[in-house]
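Before any comments, here is the structure.
Note that the structure is a prediction, hence the values are computed from the model and not measured. Order of the sequence lines sets the chain letters (A, B, ...), proteins ahead of strands, with each chain counted from 1.
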Number of protein chains: 2
Amino acid sequence: MLKAKEKDQNTEQRIKAAAQRLFQRKGFAATKTRDIADEAQINLALLNYYFGSKEKLFKIIMMESIFKFLQGIIFVFNDEQSSLEEKVQQIANRYIDFLSKEPEVPLFVLSELRNESSDFIHQLPIDNLFLDSVFAKQYKEKMAETGSNKSSLMHFLINLLSMLVFPFMSKPIISKIGNLNNKEFDNLMEERKNLVPIWIESILKTHDIS
Amino acid sequence: MLKAKEKDQNTEQRIKAAAQRLFQRKGFAATKTRDIADEAQINLALLNYYFGSKEKLFKIIMMESIFKFLQGIIFVFNDEQSSLEEKVQQIANRYIDFLSKEPEVPLFVLSELRNESSDFIHQLPIDNLFLDSVFAKQYKEKMAETGSNKSSLMHFLINLLSMLVFPFMSKPIISKIGNLNNKEFDNLMEERKNLVPIWIESILKTHDIS
DNA sequence: AATTAAATTAAACAAATGATTAAATTAGAA
DNA sequence: TTCTAATTTAATCATTTGTTTAATTTAATT
């Protein structure tokens, strides 16, 4: 039963890959099971044979997407070795590399997350993962004289994520406004790898909460 | 036929309002015509009676949403009277006020815009609206000694929009990560009205492209 | 009051959609 | 090779969904 297992994995993975592409591009409701079957070039019934239902398949894709989305930061947050500045640079590198390859992930995750019924968030093990992180500790130390609080820490995180993630989500509008083709847009994003850490640093130097 | 017209407007507007709420909250594909009819408390057939089809109704909502989304900036961009700093402050005020009332708009617009078939963007009259704006001119003047180019102008716009819009789109995740309730989140956003212009200014002072 | 147009309703249709079934095929084990 | 379990297929089912129809009600006009 070895060759069978292998082939099983192949079709199963083909279905998953097709589902990922379509779910991320069009969302759960707009993606039909027949679309997935066509995209994966498999018989429609195999979707339910391997994954039980459209919804179960979706949850798998969703969980993996959320994981990818958070992977960029969570891992870096608790590195005892690196400085705050190094962490910012690492997060910028990781996010821009990741989003250059899979730009649809954040819009997909956030779109589906807004649906009330989705308790994906509550299932995530990120309760005080950030507030208690080495990253947060280092931020408080650095901001000691300025007087840091939870608000300023959150603003800092929001600014970092905003400047890294939002441009990919708004690519159609940004490209239209700036009259940019795909290559120009990609160049712009690549530049942000180095620029965002510089800007974040200059924001930190600002005594915002005075 | 006057009272009829009035009542007509009432039901018509009730349908539109219901459609707006549901489309913005769940997207086009996840919103069913029966949902809209229920939400508006009207007979299902009235949707087609007044708007012809679900798609036509959607296009109306979509166009109005895009307009609202861009209204925050376009109007301010070409004001000859205000300085660049004043423009940034005005944009911050407008966006945060607007998004505090209608936080679903950007996620809705960007989600539906990603669908290839939507030629909404191409229909928008924003071709060189930004690149040729007073805003852009003032930016170039201010950055004259640093050496400004199209890239740095686009980064500037991206940073401004990112820091204003992204936090509302990512509210579920931000709230979860920061352990924030709705009121704490709203306070944080209100703080950003004044903070974002300060941060933007401190970014401008940075010689990023040197 | 009678007439006419507009607005609303209940019912139904056809197509789309998620899922299931039973038969057929494939491939590994005996 | 024969047998068995896993895999694949075509066909079908029951709902859902967008839309339409024809009948009814409402309201303005004569």
Side-chain angles (χ1 to χ4, degrees), chain A residues 1-63 108 111-112 115-118, chain B residues 1-63 108 111-112 115-118:
Chain A
M1 252 181 287
L2 269 175
K3 198 111 174 274
K5 267 281 147 78
E6 269 176 38
K7 215 185 174 190
D8 180 10
Q9 295 249 5
N10 281 334
T11 33
E12 192 174 341
Q13 301 227 341
R14 251 208 336 278
I15 296 171
K16 247 186 77 176
Q20 189 185 73
R21 282 192 294 275
L22 294 179
F23 280 144
Q24 289 185 356
R25 193 184 310 150
K26 322 199 313 171
F28 175 79
T31 300
K32 310 305 175 185
T33 53
R34 282 166 180 79
D35 298 343
I36 299 173
D38 289 351
E39 176 89 3
Q41 290 179 299
I42 51 102
N43 186 285
L44 176 59
L46 290 177
L47 191 154
N48 295 293
Y49 178 77
Y50 283 106
F51 295 97
S53 71
K54 180 192 174 186
E55 193 146 358
K56 284 180 188 164
L57 175 55
F58 175 77
K59 283 186 176 168
I60 293 171
I61 303 299
M62 184 47 140
M63 276 308 184
F108 166 68
S111 303
E112 303 291 342
N115 278 6
E116 63 295 344
S117 56
S118 71
Chain B
M1 254 179 286
L2 270 172
K3 198 113 173 272
K5 268 281 149 75
E6 271 175 38
K7 214 186 173 189
D8 179 9
Q9 294 249 5
N10 281 333
T11 33
E12 192 174 341
Q13 300 227 340
R14 254 213 328 282
I15 296 172
K16 246 185 78 176
Q20 189 184 73
R21 281 192 295 275
L22 294 180
F23 280 144
Q24 289 185 356
R25 193 184 310 148
K26 321 199 312 171
F28 177 79
T31 300
K32 310 304 176 185
T33 52
R34 281 165 182 79
D35 299 341
I36 299 174
D38 289 350
E39 175 91 0
Q41 290 180 299
I42 51 100
N43 185 284
L44 176 60
L46 290 176
L47 190 155
N48 295 292
Y49 178 75
Y50 283 105
F51 294 97
S53 72
K54 179 191 176 188
E55 192 145 359
K56 283 180 189 164
L57 176 54
F58 174 77
K59 282 187 176 168
I60 293 171
I61 303 299
M62 184 47 140
M63 275 307 182
F108 165 67
S111 303
E112 303 291 342
N115 278 8
E116 63 296 344
S117 57
S118 72

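- Under the rule for a side-chain contact (heavy atoms from CB on, under 4.5 Å), B/Asp38 has no partner lying at least two apart in sequence or in another chain.
- The interatomic distance linking A/Phe51 (CZ) with D/dT7 (C1') rounds to 14 Å, in whole Å.
- Here the P atom of nucleotide C/dT8 and the CD atom of B/Glu12 are 10 Å apart, to the nearest Å.
- Residues meeting the side-chain contact (heavy atoms from CB on, under 4.5 Å) test with B/Lys56, sequence neighbours left out: B/Ser53.
- With ring centers used as reference points, A/Phe108 lies 6.0 Å or more from A/Phe23.
- If you take CD1 of B/Ile15 and P of D/dG18, they are 15 Å apart, rounded to a whole angstrom.
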Sugar-phosphate or base contact per nucleotide [nucleotides 13-24 of chain C; S, B, -; heavy atom under 4.0 Å]: ----BBBBB---

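- When the C1' atom of D/dT9 is taken as reference, atom CD of A/Gln41 falls 16 Å away, rounded to whole Å.
- Rounded to a whole Å, the CG atom of B/Leu46 is 14 Å from the P atom of D/dT19.
- Note: CG (A/Asn10) to C1' (C/dT26) measures 15 Å, nearest angstrom.
- Between B/Tyr50 atom OH and D/dT19 atom P there is a gap of 18 Å when expressed in whole angstrom units.
- Contacts classified as side-chain hydrogen bond (donor to acceptor under 3.5 Å, both in side chains) and involving residues 15-24 of chain B (residues at least two apart or in different chains) are given here: B/Lys16-B/Glu64, B/Arg21-B/Glu39, B/Gln24-B/Ser65.
- Under the rule for a side-chain contact (heavy atoms from CB on, under 4.5 Å), the partners of A/Leu44 that lie at least two apart in sequence or sit in another chain are A/Thr33, A/Arg34, A/Ala37.
- Summarising the base pairing, D/dT30 is matched to C/dA1 through a Watson-Crick or G-U wobble pair whose two defining distances lie under 3.5 Å.
- With sequence neighbours excluded, the residues that form a side-chain contact (heavy atoms from CB on, under 4.5 Å) with A/Ala45 are A/Asn43.
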